[in-house]
Every structure is written in C-alpha cells, then in structure tokens.
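As structure tokens, the structure follows; a few thoughts come after it.
Here is the naming used below: chain letters follow the sequence lines, and residue numbers restart at 1 for every chain.
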Amino acid sequence: MASQRKQFPFSDFEAKWQSRWLADQAFRARNPADTDFDSAKPKFYVLDMFPYPSGEGLHVGHVEGYTATDIIARYKRMRGFNVLHPMGWDAFGLPAEQFAIKTGQHPRVTTERNIERFRAQLQSIGFSYDWAREFSTTDPDYFRWTQWIFLKLYNSWFNPIARRAEPIETYTGEDADEVRLAYVAEMPVNWCPALGTVLANEEVVDGKSEVGGHPVERRPMRQWMLRITAYAERLIDELDGLDWPEGIKLLQRNWIGRSEGALVKFEIPDFKFEIEVFTTRPDTLFGATYMVISPEHPLVLEITSPDRRADVEAYQKEVGSQSDLERTELSKEKTGVFTGAFAINPVNGEKIPLWIADYVLMGYGTGAIMAVPAHDERDFEFAKKFGLEIRQVVQESNKSADAAEPSPDAAFTGDGIAINSGLLDGLPTPEAKIKIVAWLEQNGLGRGTINYKLRDWLFSRQRYWGEPFPIVWTQGRHSALDEAELPVAQPEMEDFKPTGTPEPPLSKARDWLTYSEQAQRETNTMPQWAGSCWYYLRFCDPRASERFVSADAESYWMAGRAKSDARRGGVDLYVGGTEHAVLHLLYARFWHKVLYDLGYLSTSEPFQRLVNQGIILGPDNQKMSKSRGNVVNPENVIVEYGADSLRLYEMFMGPLEQMKPWSMKGVEGVYRFLGRVWRLAMSETQEGGWAVSPDLAEIELTGSQLRVAHATIKKVTEDIESLAFNTAISQMMIFTNEFVNLRPRPVAGLRILLPLLSPFAPHISEELWERLGERFPGFEGRASSQEWRLHDESFLAVEEVEYGVQVNGKVRDRVRARKDASDAELEESALGAPKAREAIAGKPVSKVIIVRGKLVNIVLAK
RNA sequence: GCCGGCGUGGCGAAAUGGCAGACGCAAGGGACUUAAAAUCCCUUAUCUCGAGAGGGAUGUGCGGGUUCGAGUCCCGCCGCCGGCACCA
C-alpha cells in the first residue's frame, strides 16, 4: 500500500496545519481573568483521561477517546462555546522507576523523553488541545499542590453530624490523630516483595500485583491511610445525579458495598465483655446456633479455653501463612476450630459455641458473625462439616409448614415467613427485620446500622518516583510541614533501588532525611493516584501560584448548567477507559468532596458526564498485546494514510462505547472517502500536482442536492451531540457520493461539507477551505472557525412520499402519494395497489393503520 | 456463584415499536488502460420458482408472549465479554 499513489497529498499539508495551529495558539482557552476573555460565551469543559507517558508510545486506544473529545471540542467551539480542552501527563509511576533502576538513568530523564514523544504523537494527530495548559504531575509546581491537598486531608476530619469534612480545629475530642482524614495506622497491608512496595487493595488482582503480576503477601506495617470510608455514604448517594453509564455507577456502588443490617451484642458469659456481630439478617437471630470470629480477631486468645489453646494457635498460624489467594480459594472446604468459649444468643439466652474460621474476615463488619446455618450458605456448609445444629427459622412462603420440617439439604437464603422465632413468628422477612431491630434497640442489645465494604485507602508507597509526604517525625510523632515549605521534592539520589525491606528508598538519602536536629522526614511517597486525583482542577488554571486553582477559574470552568443545584456541575464531558471505573474515579470524587466541604470548590462532584470508550481489539479479534503480535501502532497508520484517516477510521469503526476489532481494510475505506472529498474540490494537474478542480462552478444546488445537504447538516449535528460519530461519518459519505461525479459541480456543496467535516478530519478540511478560497468567495477564515450551520427543515421536505403497503403486517406493495395526501386518500390508494389487492383476496378489511410518511397496514378480519 | 453489557449478512455495522441490513469492508462482474495501480459503474442476506422479465418463502442467538405491526417491549433459556468474589 505504501508504494501506491496517495489518494490525496496529506503528508504535504497535515504537518503544515499542525504547526500553524500551534503557532497561532488556535485552541487557546481564555480564563475569566484574561484580558481577551469573552464572557458572553457559555463554557464547555471536555476532558480526556490523561495518559501515563509510557515508553511504548501512544496506543490506538488512546486515539479513540482523544478523537471523540476532540470532535466535541472543535464542534463546541464552532457552536460558540468557550471550550476548555487540555492535556497533560500522569508521569509518576512504577514503570519509569523500574526502567531507571534497570538502566541507571534517572526517572526524570526517561519521563521527560517519553513526554516529548507522547506530545509529538498527539500533535501529529491534530488534537485541538490548549497546549499552554500542559503540565506533568511530576512538575514541582504541580505536586506542590498535590502535597498541599494532602495537608488539607491531614488537617481535616469528617464531622459525622454535619456529614462533611471540617478543619481539624473544630474537633473537640481528645486525640485529633484518631479522626484525621489522613492518618497513620499499623495494619496488615499488601506487601509486594518483587516491587519492594505495598499496594492498595485495588492494585492487587488475584493475590498478585496488578503491575507485573508479582506475588503479594499480607504483613502488618505502619502506613499512611486516607479515611475514604467516612465518605462511603455520600460517594454512593451522590452518584445518583451524575450522567454516567449506569454500569459504571453500579460498579462503584458494588465496590463501596452498602449493606443494611444490624449490630447485635453477644455476651461472652465467662468474661466481662460482649462481642458484637454485624448481620443483614437480624430476623434470623433465633436460628443463630453458633458464632464465628475471624482468626485475626484481637480477642481470640483471650477467650480461648486452655484445652483448646494449642489447636487455636495452630489454626491461626496456618491461616496467617496463607496468601490471600489461597485463603479465598473458592472451592476450598471450610476450615475452623472451636475456641472452647461460648456466647449467649441475646434473643433466647441460649449458650452457643464460639468458633474461629477463616471464612470470617477481620476487615469486614466487626470480624465476628452469628452463624445461621439454615439460612446462610457458608454457615450451612460449615455446620454440616462440623456437625453443628441447623435450625430453621424462615419458611418459604409458598411451602406448607410440614414441608419445612425435615432438615433441608441446602440453606434457604431468600425472604419468607419467620418461624420458631418467638415474637417474630408469622412475620414476613422485611417486617421481621424491622421488629427485631426495634426490640434489640429497646433492650440495649443491638441497633440497626449500615455497613460498607469499602476500606480506607492505603496511601503510602515505598518508592522513589512519587510525591514525598509533607510530614516530619519527631520522637515517634508525625506533624505537618507548613504550607510555605512546599513543594517537598525528592532528593537527588544515585541509588534509588528498593531496599529489599519495607524501608523506602528515600530512607537512604541521609542529608534529605534530616529535617532538624530532632525531626526526620517521612520517607514514604504517595501512590500514582494522587496526581490524577485533581489534575482536572489544575487544568482550569495551570499556572496559578497563589492557590491550587484560582477561585474564579474554578467556578467558571467547573460550574454546572443548572444554577439551582450545586452538585450538578464539573467537567461537562469526561471520556476514558472502563479500567478506571472504581479506582481513579472513586479517589478523585473523594478528594473533590473534601475540597468542596472545606470551601475550595463550587461543585461537589468533579465529572458531570462520563463516557467510556470501548476497547479496540487486534485484527484477530483478540485483545492487543505484544506477545500476540497484534498491536497496531498509530504512527504507522499516520505515515501510510494520514492523521485524518486515523481519526476518521477510529470514529467510523462502530459505536464509541463498544468493543471492536481493528481492520486496516477499514482504514483504507475511510481513506478512500477522504480521497473522494479531496477530488470533490481538486483535480490532478499534468505535472502530477493538484489544483482546484475546473469542474467546480457557482451553480445553484438542485432540490435533491439541497435535501441531501440539509439532511447531512441535521444528521451530523445530532450525531455529534449524541456521540454517534460512526453514523455522522456515514452521512457525510452519502453526501460525498452524491456530489463526487457531478460535472459541473456546485462549489456550494463544499461550503456546507467542509465545516461539518472539520471536527472529524481537520487537516483536509482546512487545506481545501484555504485552497478553494483562492478561487471562490465564501471561504473566508478557516473551516474550523466557521459558525456551525444549522439545517433548514424546509429543504428536507419532499413532494411525494413512497409508502409501503402492508397486508397483515407484511409488505406486499408500495404506492406513491403526495406529501399532504389525506389519510382517506392514502387508504384508498393502498387498497387499490395491485399486489395488495391480490393479498387481500377479497377478504373483509377490519382496519387500516396509517403511519404518516412510512406505511399503510391493511388488517384483514380474522 | 452474584451483578452488568452484548448476540443482526462473509466482516465492521445501521434501524423514535413502522418497508431489516443505511454507510463501509470483502467478493463477483463491467468501464477506462498497451498493461497494472488508482478511479468510476453494476451485483451481492438465505433458500427457492422462472429461459427471462419477474415472483415466492424464510430471516436479527433459541423458545414463548404482548401488539395491526417486534431487531426494538415482556417472560424463560443458551452463548460470549466485563466486573465482583466466603463482604455475613
């Protein structure tokens, strides 16, 4: 293909337009504080998930989402919006650090080189970013404010009454360190020896690190945590107003994992205390025949009777040595041991045995459960194995009492009618829940509560290439640095390899470590998520030096359409991959809410509308991967077919959100289409160059040409609004096919087409617009700076419409009718159509249904 | 196992409950050309009747249902993809 004659000389003009756009700052967005700011224009903030600039370079998956947002950005500018369309780099991260360790080069060097390459690649596709706003999360001017936000978290607490974050000074309790949104805790964490760092739960997949697939073990370590659990409720509730895919909202809801239930106190008679359990089925309390606590529960050894001690300790040891993967092995049989202790079931005073078992997790609820084997599958399995009593207390509503008598061979976990349950007998499950919770509360034995699966966010990493914490330690106590001391940069180090122990690499920087005679710096760094948690805010005002973003810029760009509801606002359109459905999007929402609570932001949600682009598969319908050798490099596509073809193809492949395979033949198809657009305006000269076509003439568009033109304006406009780019392109193909063979050819067609095409294929549109302007009037300025033209409905009207004639729903014939034909006329002409008459075959017609402009359905009597 | 999403020609796909397959790819035929490339035109869901012109039947994963009318709505399955995974 490369050797073939080019359809159009894209390589002669694509780079030209790219450098003109840069030189002219053509896509510069003005802030309210700028002198040339136009306050009459509405704003539109359209954002991409900024890339990690890896050594691999840009991927076709990046191009997909970035092209979609670029079309929107260019379109909105033409519709008269003040458009913010920025790009930057999420450049802290493990790959750069690991590459640096391997090669001995400083991560800053490789990071800068990768950024150069990414920027050049993005510019070679003609994206209309405001490059004056570019920054990297690794810039000290940026991470200074990342650290500043950390200090805000550190110096705040969540007031459960007001349900929002407040400055720590408003906390009246004894120890502020217990409630800070950023805190230090000794807890079991995911330690990855191969990477030499701890990882967040979210970064561990199947017991292995998400990056690199190295084994991860659990070990207790002292770590920085962020109290995201305080926001669990709001993070769920405030999803409601967002224009996000329902599936993504659901993923977040499930991740946060809200469960309504009750905390119930079980007295341990041999000791002075009670153990509390969380249950979602308090209505089954009468069926609780034993109790299980997690092997890691702090009270285990205290309650264990002397004769059971050896067994219990052995079991704890066994469980402790297991990896997460082994422990959660699904097919695994239930294990556990009896502690020798008993608990009292508060509803009936029964003494029930207290076991430990690894199916009860310390991290969820209270780390203790009441076991109701008749109505919980796990408890059932456990009870069967260890011969514990199974007592039925809920009866399936549609079964008779006798049928429920014999011990069932499976747990019944659905709703039903309470039986064998004293005061609850006869009540349906939902009512039984309410009644028993009220009873527990009256008797001080428990209370209704809501529990969340979400855990606090493990926020420290043992890495070099990340934001250092603005924290110093003095005699074992942490304290915050003053804001004036920011940024805290990493020290220059020769050796930033992991230490092989949980000691972070920064601990090797002796001079840097020493803050003062008494105080030493915190040596952990922040995770990569930190930088991406607020970059969309910085884009509003990337050079702000007095504040993380100036208030006027923030309130302008993040404002919502509906002034009545502060929540509705933020980025107007955010496009990226589903892989960030829970992590980045949850973390960013959390930070945003904290900053909102503290009064720094004007909206409580960062991203009003979210769209996920689908994955692009290799030509073999498999996920692209180096090992499969099916990776398509966008650079090669640009060389062979040009940037416009790449953009257009990725939008033409299918619906944006759908997964779809790559096809080079498909690229050639849109490339040929662009060739036809080119030849609409240009003809080849004797010398093999191109000149404005002599076939072009100032002639009036015919009625049918006007109809196609306005149908195209309408379709393209509507389809851009609904992100249905594939069908917008189809319509422009129809338009082009209509005009390409006309001689003479009305130049007016190009005046309509080129601006429509310019958001999709900006280079060719600008080039043709400019060259046509040398011969014809009406091509002033640039294609991309024309006002977006709207269609005129009157041109779409047709004189005569063809109707399908159905008999009993089957098309038998077709008739033509005047546009304004009456229903009676339509019916008459349909009944008279020869094929229809044949199908009717003299049978009586019971009714006739007319769908204006479409069809007539003749329904025969049965 | 639970929760989502998706099943339409040879392929990517299109279709406010209203004539299924627009647009593109591939394939076949033709025009132009010394020839090729490029370009342009025609055909192309499946089966079937017909010499032909032109008909007929079937068809949106499978089985039911609602409706004058279902790819689209409802119920029950099957398959693929994604997420969660002992969360009490």
Side-chain angles (χ1 to χ4, degrees), chain A residues 1 3-7 206 245-251 253-255 257-259 261 277-281 284 292 327-330 332 334 357-361 363-372 375-379 381-382 413 451-455 578-579 581-582 614-615 617 619 621 623 649 652-655 657-670 672-673 675-676 679 684 724 726-734 736-737 740-741 802-814 835 846-860:
Chain A
M1 191 67 210
S3 59
Q4 284 173 14
R5 177 93 169 72
K6 287 193 173 97
Q7 289 265 345
D206 289 341
E246 280 308 314
I248 299 299
K249 290 194 198 178
L250 203 67
L251 281 179
R253 286 197 188 97
N254 291 344
W255 189 266
R258 180 190 152 101
S259 292
V277 305
F278 174 74
T279 176
T280 55
R281 292 296 302 270
T284 62
V292 189
R327 179 160 173 173
T328 57
E329 199 69 62
L330 245 195
K332 198 185 82 165
K334 292 274 179 290
D358 67 355
Y359 81 90
V360 175
L361 309 174
Y364 183 77
T366 61
I369 62 156
M370 63 177 210
V372 185
H375 305 291
D376 180 281
E377 280 166 28
R378 295 149 301 179
D379 297 342
E381 203 187 315
F382 192 83
T413 57
N451 202 39
Y452 295 93
K453 231 157 58 173
L454 187 70
R455 321 266 174 96
T578 340
E579 67 271 22
V582 280
I615 304 173
L617 303 172
N621 240 306
K623 213 165 181 167
Y649 172 64
F652 186 62
M653 293 173 85
E657 305 194 44
Q658 186 173 305
M659 185 189 291
K660 43 212 179 281
W662 186 273
S663 155
M664 272 308 173
K665 289 291 185 187
V667 181
E668 286 180 28
V670 293
R672 280 201 282 268
F673 159 65
R676 283 199 297 280
R679 292 194 307 275
E684 223 173 337
N726 54 332
T727 47
I729 294 166
S730 295
Q731 184 62 41
M732 289 189 282
M733 288 174 169
I734 292 170
T736 303
N737 293 343
V740 74
N741 290 322
E802 192 177 60
Y803 280 80
V805 180
Q806 297 184 334
V807 178
N808 281 342
K810 280 201 172 128
V811 182
R812 296 297 175 176
D813 210 336
R814 41 196 62 247
K835 293 275 166 44
S846 73
K847 67 173 152 175
V848 175
I849 285 157
I850 292 167
V851 182
R852 300 285 327 179
K854 303 256 179 184
L855 56 80
V856 180
N857 189 11
I858 299 162
V859 185
L860 303 179

Kindly point out which of [options] is positioned nearest to the side chain of [X]?
X	options	value
A:R812	B:A88, B:G18, B:A57	B:A57
A:L251	B:G83, B:C68, B:C23	B:G83
A:W255	B:C84, B:C40, B:C68	B:C84
A:V851	B:C19, B:G18, B:A15	B:G18

Inset, instruction - Please report the shortest heavy-atom distance between A:I850 and A:V856, naming the atom on each side. - result: CG1-CG1, 4.2 Å
Pair assignment for [N], Watson-Crick or G-U wobble, requiring both distances under 3.5 Å:
N	value
B:C23	B:G12
B:G4	B:C81
B:A38	none
B:U46	B:A57

Would you indicate what [X] reaches in the nucleic acid, counting non-hydrogen atoms under 4.0 angstrom: base, sugar-phosphate, or nothing?
X	answer
A:V360	base
A:E802	base
A:T578	nothing
A:P655	sugar-phosphate
A:I734	sugar-phosphate
A:S663	nothing
A:K665	sugar-phosphate
A:G669	sugar-phosphate
A:R455	base
A:K249	nothing

Look at [X] and [N] and indicate whether a side-chain polar atom (N or O) is within less than 4.0 Å of OP1 or OP2.
X	N	value
A:N726	B:A14	yes
A:K810	B:U58	yes
A:R672	B:C25	yes
A:K623	B:G82	no
A:R679	B:C40	yes

Using nucleotides 41-45 of chain B, report all nitrogen or oxygen pairs with the protein that are shorter than 3.5 Å.
residue : atom : partner : partner atom : Å
B:C41   : OP1  : A:N741  : ND2          : 3.0

Distance between [atom1] atoms of [N] and [M] (Å, rounded):
N	M	atom1	answer
B:C6	B:C74	P	12 Å
B:A45	B:U16	P	22 Å
B:G10	B:G4	C1'	31 Å
B:U8	B:C3	P	24 Å
B:G52	B:U34	C1'	38 Å
B:U44	B:A27	C1'	8 Å
B:G63	B:A15	P	26 Å
B:C81	B:A37	C1'	41 Å

Legend entry - Backbone of A:G853 reached by a side-chain donor or acceptor of A:Y803 within 3.5 Å: yes
Tell me, please, which residues at least two apart from [X] pass salt bridge (charged side-chain N to carboxylate O under 4.0 Å, His left out).
X	result
A:R253	A:D240
A:D379	none
A:K665	none

Legend entry - Torsion-based syn/anti label for B:G9, 90° from 0 as limit: syn
Legend entry - Sequence-distant partners of A:V811, side chain to side chain contact (heavy atoms under 4.5 Å, CB included), two or more places apart: A:Q806, A:R814
Interface polar pairs with nucleotides 8-12 of chain B, N/O, under 3.5 angstrom:
residue : atom : partner : partner atom : Å
B:G12   : O2'  : A:M653  : O            : 2.5

